[in-house]
Amino acid sequence: MIVQENLKAKSVVLVLVLFVGAFFLGRFAAQAVPAAAKVFQPGAEGNWGLSFQEEGQPPVANASFEEMAKYDAFYAEDTKEKVLYLTFDCGFENGNTPLILDALKKHDAKATFFIVGNYLTTSPDLVKRMAEEGHIVGNHSYHHPDMTKMNKEQFSKELGELESLYKQTVGEPMIKYYRPPQGKYSENNLQIAKELGYQTFFWSLAYVDWNQDSQPTHEEAFDKLLKRVHPGAIVLLHNTSKTNGEIIDELLTKWEQMGYTFRSLDQLPGVKAAKEAD
């Protein structure tokens with residue numbers, strides 16, 4: 001009886017050891033997957049996601065550079081050169097955008113502002129200032145819906161309404177740069193955007209800056225944005241963030257001190273000449 005109990009105990013211990021070993025082996029394997037191995041699966045859709053695994057290095061993304069390029073889509077530059085592409089998503093105005101524009105002018109940095117219909121109707125002067133100061137104004141859709149639920153006609157209408165309003169407001173056609181609302185995408189979604197003449201831009205550096213009720217401290221923001229910065233990053237920041245408005249000048253200074261320079265999205269290798277709406 002004692003022998004049988006000892007054997008049972010040893011069996012339980014062996015099973016636990018094997019389970020724990022398999023867990024850590026699987027975890028290590030998952031972390032070891034290089035970005036180039038990440039590709040779209042047939043019919044893939046979901047939320048854009050990143051896994052930051054090594055400080056100062058590009059994150060592992062949902063898709064490879066090569067897979068994204070098939071759809072005229074981008075999330076970073078594959079380079080070791082210390083360049084950054086600054087982008088801002090603009091849902092509404094709460095006083096931070098002038099601070100952001102002032103800092104960009106001070107650092108002679110050109111950015112891309114992805115706007116929605118509400119922003120254009122309530123803050124036309126700021127949108128005009130963006131264009132006048134040499135920034136790109138991109139299409140983040142009119143109503144900020146889940147675009148993966150739309151067919152081509154609905155998709156075209158959602159982007160087209162913003163194009164039309166932009167031309168009426170600014171007096172120039174809108175450049176066909178698109179950022180998916182909520183970071184939601186699908187293969188079909190990206191293909192439709194391409195067929196409409198749009199180039200799609202995701203990102204490779206961002207942090208939780210959009211929650212108005214829980215803004216990060218300056219220290220928390222710098223901790224994320226300085227440790228995760230990497231060569232060729234497309235940076236996503238939200239103009240609604242009070243923290244971003246307060247730190248943007250110092251943030252750009254710190255990145256410059258780290259050896260980084262800033263480029264506009266139309267300078268990203270592989271990006272076609274900026275296409276304009278009809």
(message) Parallel, tilted or perpendicular: which one describes the rings of W48 and W203, with boundaries at 30° and 60°?
(response) perpendicular

(request) State yes or no: do F65 and V83 share one hydrophobic cluster built from I, L, V, M, F, W and Y residues joined by side-chain heavy-atom distances below 4.5 Å, directly or via other members? (result) yes

(request) Begin with the C-alpha distance, continue with both residues' side-chain angles, and end with the deciding distance and a verdict on side chain to side chain donor-acceptor pair (under 3.5 Å) for Y119 and T97. (result) CA-CA 11 Å; Y119 193 85; T97 307; 3.2 Å; yes

(message) Tell me every residue that passes ring-ring contact (aromatic ring centres under 6.0 Å, His included) with Y166, counting only those two or more places apart in sequence or in another chain.
(response) none

(request) Determine which pairs satisfy salt bridge (Lys or Arg N to Asp or Glu O under 4.0 Å) with at least one residue from residues 84-94, sequence neighbours left out, and list them in order. (result) D89-R179

(request) Please name the pair of heavy atoms, one in A103 and one in I248, separated by the smallest distance, quoted to 0.1 Å. (result) CB-CG2, 3.7 Å

(message) Quick one about S264 and D266 (side-chain donor to acceptor, distance below 3.5 Å, no hydrogens or angles considered), yes or no?
(response) yes

(request) With rounding to the nearest 0.5 Å, note down the distance linking CZ in F74 to OH in Y177. (result) 8.5 Å

(request) For L225 and W255, work out which heavy atoms get closest and say how close. (result) O-NE1, 3.2 Å

(message) Between L165 and Y142, does the side chain to side chain contact (heavy atoms under 4.5 Å, CB included) criterion hold? Intermediate values first, please.
(response) CA-CA 9 Å; L165 182 59; Y142 194 98; 3.8 Å; yes

(message) Taking salt bridge (Lys or Arg N to Asp or Glu O under 4.0 Å) as the definition, give me every residue that meets it alongside E161, ordered by chain and number, with sequence neighbours left out.
(response) K157

(message) What I'd like to find out is whether the side chain of V137 reaches to under 4.5 Å of the side chain of E172, using heavy atoms alone.
(response) no

(request) State plainly whether one hydrophobic cluster holds both M258 and L205, where clusters connect Ile, Leu, Val, Met, Phe, Trp and Tyr through side-chain heavy atoms under 4.5 angstrom apart. (result) yes

(request) Examine L226 and F262 and state if one hydrophobic cluster contains both, with Ile, Leu, Val, Met, Phe, Trp and Tyr joined whenever side-chain heavy atoms are less than 4.5 Å apart. (result) yes

(request) Evaluate side chain to side chain contact (heavy atoms under 4.5 Å, CB included) for Q182 paired with N47, printing each intermediate quantity in order. (result) CA-CA 8 Å; Q182 309 168 54; N47 297 315; 5.6 Å; no

(request) Before giving the answer on side chain to side chain contact (heavy atoms under 4.5 Å, CB included), spell out for M147 and K184 the whole-Å C-alpha distance, their side-chain angles and the decisive distance to 0.1 Å. (result) CA-CA 7 Å; M147 301 285 277; K184 293 183 180 294; over 6 Å; no

(request) For L84 and V229, run side chain to side chain contact (heavy atoms under 4.5 Å, CB included): C-alpha distance rounded to whole Å, both residues' side-chain angles, the deciding distance at 0.1 Å, then the answer. (result) CA-CA 9 Å; L84 299 177; V229 71; 3.6 Å; yes

(request) Ignoring hydrogens and angles, tell me if any N or O in the side chain of K272 forms a donor-acceptor pair with the backbone of Q199 under 3.5 Å. (result) no

(request) Examine distances only and state if a side-chain atom of N239 and a backbone atom of F92 form a donor-acceptor pair shorter than 3.5 Å. (result) yes

(message) List the residues meeting side-chain contact (heavy atoms from CB on, under 4.5 Å) with A193, not counting sequence neighbours, and say none if there are none.
(response) F155, Y178, Y198, T200

(message) Please find the pair of heavy atoms, one from M150 and one from P145, that lie closest to each other, and give the distance.
(response) CE-CG, 3.4 Å

(message) I need the full list of salt bridge (Lys or Arg N to Asp or Glu O under 4.0 Å) pairs touching residues 223-241, with sequence neighbours left out, sorted by first then second residue.
(response) D223-K227

(message) When you measure from the side chain of E67 to the backbone of S64, do you find a donor-acceptor pair of N or O atoms at a distance under 3.5 Å?
(response) no

(request) State which residues pass side-chain contact (heavy atoms from CB on, under 4.5 Å) with D102; sequence neighbours excluded, sorted by chain then number. (result) R129

(message) Looking at every non-hydrogen atom in both residues, tell me the closest pair between S204 and A233 and how far apart they are.
(response) OG-CA, 3.2 Å

(message) I'd like to check the side-chain contact (heavy atoms from CB on, under 4.5 Å) partners of D125; sequence neighbours left out, ordered by chain and number.
(response) K128

(message) Keeping D209 on the side-chain end and S241 on the backbone end, is there a donor-acceptor pair under 3.5 Å?
(response) no

(message) Are L101 and L99 linked, directly or through intermediate hydrophobic residues, by side-chain heavy-atom contacts shorter than 4.5 Å (ILVMFWY only)?
(response) no

(request) For F88, enumerate each residue passing the ring-ring contact (aromatic ring centres under 6.0 Å, His included) test, keeping only those at least two apart in sequence or located in another chain. (result) F113

(request) Verify, without hydrogens or angle tests, whether E77 (side chain) and P269 (backbone) share a donor-acceptor contact under 3.5 angstrom. (result) no

(request) Report the residues that fulfil side-chain hydrogen bond (donor to acceptor under 3.5 Å, both in side chains) with K152, sequence neighbours left out, ordered by chain and then residue number. (result) E195

(message) Strictly by salt bridge (Lys or Arg N to Asp or Glu O under 4.0 Å), give each pair with a member in residues 234-258 just once, sequence neighbours left out.
(response) K106-D249, K242-E246, E250-K254

(request) Would you tell me whether Q267 and Y85 have side-chain atoms, one donor and one acceptor, within less than 3.5 Å of each other? (result) no

(request) Under the ring-ring contact (aromatic ring centres under 6.0 Å, His included) rule, collect the residues that match up with H140, sequence neighbours excluded. (result) H144

(request) Kindly give the heavy-atom pair with the smallest separation between T243 and P216, and that separation in Å. (result) OG1-O, 2.6 Å

(request) Hey, could you give me each pair passing ring-ring contact (aromatic ring centres under 6.0 Å, His included) that has a residue in residues 214-243? Not counting sequence neighbours. (result) W210-H238

(request) Please answer whether the main-chain N or O of E133 pairs with a side-chain N or O of K110 as donor and acceptor at a distance below 3.5 Å. (result) yes

(request) Without swapping roles, check the side chain of S123 against the backbone of L120 for a donor-acceptor pair under 3.5 Å. (result) no

(request) Grab the two heavy atoms, one from L104 and one from A111, that are nearest each other, plus how far apart they are. (result) CD1-CB, 3.8 Å

